[in-house]
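Along the sequence shown, residues are numbered consecutively beginning with 1.
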Amino acid sequence: MTNSELTIHAILEAQRNYFLQGHTQPLSVRKTILRKLKQLLRDNEERIAEAVYSDFGKSYFEVMQNELGLVYAEITQLLKKLNKWSAPQRPFTALVNLPGKSRVYPLPYGNVLVIAPWNYPVQLALIPVISALAAGNTVILKPSELTSETSALLATLMNSAFPRELLYVKEGGVEETGDLLSLRFDKIFFTGSTAVGKIVMKAAAAHLTPVTLELGGKNPVIVMPDCDLKMTAKRLVWGKFHNGGQACVSPDHLYVHEDIADRLVEEMQKNIKKMYNGDAENCEALPSIVNDQHFDRIVGLIDQRKVVTGGKSNREKLFIEPTVMTGVQPDDPVMQEEVFGPLMPVLTYDDPDALLEKLKREPSPLALYIFTRNRRLATKIQQGFRSGGGMVNDTVVHFVNNTTPFGGMGESGMGNYHGKAGFECFSHRKTVMTKPTWFELWVKYPPYTKSKLKIIRAFLR
Ligand code: NAD
């Protein structure tokens, strides 16, 4: 065992004892923890915004909007709903078990490991932590090493505000995550790439630990000829270049009907100019690429012959212009991996049925986006298409909806969180049936007879 393994092993043991002693059980305790965490974040908003900015140039506005804002909203909802969600459910008891009573109790798993990615370094780390704590678990959080300033700040703030038996932030990269994964947790929540998701699931299998995997993939957008062209272009530009295209729910590439492709691209160009003041390099709305490796990878996907807008980059500033490429073909490099950067590849189609048939055979994406005025058709397509989630006439913002489950399917992950789904993600539903002793269904006891079987058949139809 390495030193870091020993230490983290001791912390996990302390968390195990803390949980088993019942410290996380009372709802009042859980609510106090949530309030304290919210206050801690509020008191340190400036420091957090500075840390995220120094990691990848994300603006103060966006840290408040799509990092801290989402965390606050999640805590507020949990505080409001915790009593209701944690109350035992009283389902009907099957006839055969009457006059017994059935109850379903949400039970915390126990000791939870949360592994977070870098691209929303605050909310993707903290929202699962909040749900896990609200459900009565202890948590070890491993934030990303790529956003080291934010991760270090989260560790400093949270490790000094909370007892390590309850919540502990462990910084580190591949090695430290490997050490954590060798230990037995009761639940692992992982957000990151599909490749690392497989490593996590394999490690969890050794302990039969349940996992929730929030993974990536290529989210297609289908733009139909009857769409509201101006609004479609505006929403696509915001959705794609928001966070520099470094979002799991980013529209990865567009399938635009050939009749409107030129007009849509023209509208997108206008919007890019307007939203980034005609000078994206110096516009605060566009963060930089997280590191050299990702910068080189994304620049490598740009085919300058196909660029109609953007295409410039500056390695020193890790800046890549919002870029649109047209005439993209399915076997182009940009179509072989998740783009995860400010490049919008545009492909065209003429037969929507053939396009859908093709997409249905590809790995299930995290989201499918459809732009059309025909809402009935769009809904029908969404209902028949296997993806984690989807939107009609917009992109990305379904993630913000903390009243609905969020999660992937197939290659884009398994399990859901956000709001009630988050609480359920970290709770086992335990059924307990209680039977009185004044009545017994005598027909179940041997010796078996034909008349007893007849009665059983009447009950179990
Ligand atoms: P990543 O998989 O490289 O890293 C995620 C976490 O795993 C980090 O904490 C990292 O330290 C750890 N890790 C990396 N390599 C590891 C290894 N070999 N063994 C053990 N642990 C390892 O992902 P990333 O680059 O931080 O994030 C980008 C990816 O995450 C994209 O694919 C994106 O689509 C996906 N993502 C998904 C969601 C979602 O909600 N579904 C949200 C954000 C990002």
Side-chain angles (χ1 to χ4, degrees), residues 16 19-22 24-27 30 78 81-112 131-132 134-138 184-189 201-202 204-214 360 364 379-380 382-389 403-461:
R16 210 180 301 289
F19 176 78
L20 292 175
Q21 286 156 9
T24 61
Q25 276 295 344
L27 295 189
R30 300 185 202 174
L78 275 163
K81 303 279 186 173
L82 191 58
N83 285 11
K84 189 173 171 197
W85 293 344
S86 51
Q89 290 161 12
R90 301 157 177 257
F92 179 73
T93 298
L95 204 60
V96 70
N97 274 321
L98 289 177
K101 276 189 183 150
S102 305
R103 297 285 180 271
V104 181
Y105 299 95
L107 223 63
Y109 279 107
N111 308 111
V112 169
S131 303
N137 300 277
T138 71
R184 185 173 69 78
F185 284 87
D186 299 307
K187 167 90 191 186
I188 298 177
F189 187 102
M201 193 163 171
K202 201 169 171 188
H207 301 289
L208 279 182
T209 299
V211 289
T212 295
L213 302 177
E214 300 287 343
K360 280 179 181 174
S364 306
T379 306
K380 193 171 162 223
Q382 289 288 9
Q383 284 181 322
F385 190 89
R386 292 183 298 173
S387 62
T403 53
T404 50
F406 179 84
M409 186 177 185
E411 293 255 320
S412 59
M414 59 184 73
N416 294 297
Y417 76 131
H418 284 187
K420 189 172 187 214
F423 178 83
E424 289 172 348
C425 168
F426 293 102
S427 307
H428 168 68
R429 283 154 57 84
K430 175 172 175 175
T431 295
V432 177
M433 192 184 291
T434 308
K435 293 184 79 176
T437 52
W438 56 264
F439 175 82
E440 183 57 310
L441 195 62
W442 48 270
V443 291
K444 75 179 178 198
Y445 293 104
Y448 298 140
T449 63
K450 278 192 178 161
S451 58
K452 285 180 181 175
L453 187 58
K454 212 169 160 189
I455 296 170
I456 284 175
R457 277 181 184 278
F459 272 113
L460 297 174
R461 271 178 298 160

Between atom [atom1] of [X] and atom [atom2] of [Y], what is the distance when rounded to the nearest 0.5 Å?
| X | Y | atom1 | atom2 | answer |
| --- | --- | --- | --- | --- |
| Arg16 | Arg184 | CZ | CZ | 4.5 Å |
| Thr403 | His418 | OG1 | NE2 | 11.0 Å |
| Ile188 | Asn111 | CD1 | CG | 11.5 Å |
| Thr209 | Lys187 | OG1 | NZ | 10.0 Å |
| Arg461 | Ile456 | CZ | CD1 | 14.0 Å |
| Asn416 | Met414 | CG | CE | 11.5 Å |

side-chain contact (heavy atoms from CB on, under 4.5 Å) between Leu441 and Phe459, intermediate numbers included: CA-CA 11 Å; Leu441 195 62; Phe459 272 113; 4.0 Å; yes
Could you tell me which non-hydrogen atom of [X] sits nearest to which non-hydrogen atom of [Y], and how far apart they are?
| X | Y | result |
| --- | --- | --- |
| Phe423 | Pro106 | CE2-CB, 3.9 Å |
| Val112 | Ala132 | CG1-CB, 4.3 Å |
| Thr212 | Cys425 | OG1-SG, 3.4 Å |
| Pro91 | Val104 | CG-CG2, 3.9 Å |

Heavy-atom side-chain contact between Ile455 and Trp442 under 4.5 Å: yes
Note, Gln25 side chain near Pro108 side chain (heavy atom, < 4.5 Å): yes
Criterion side-chain contact (heavy atoms from CB on, under 4.5 Å) on Asn97 and Lys435, from CA distance to verdict: CA-CA 8 Å; Asn97 274 321; Lys435 293 184 79 176; 4.1 Å; yes
Glu424 vs Trp85, side-chain contact (heavy atoms from CB on, under 4.5 Å): CA-CA, chis, key distance, verdict: CA-CA 9 Å; Glu424 289 172 348; Trp85 293 344; over 6 Å; no
Ring geometry between Phe406 and Tyr417 (parallel below 30°, tilted from 30 to 60°, perpendicular above 60°): perpendicular
Evaluation steps, side-chain contact (heavy atoms from CB on, under 4.5 Å), between Phe439 and Leu98: CA-CA 9 Å; Phe439 175 82; Leu98 289 177; over 6 Å; no
Flag for Thr93-Ser102: side-chain donor and acceptor within less than 3.5 Å: yes
Pair Tyr109 + Phe185: ring centers closer than 6.0 Å: no
Enclosure of Arg103 CZ (heavy-atom neighbours >12, cutoff 6.0 Å): yes
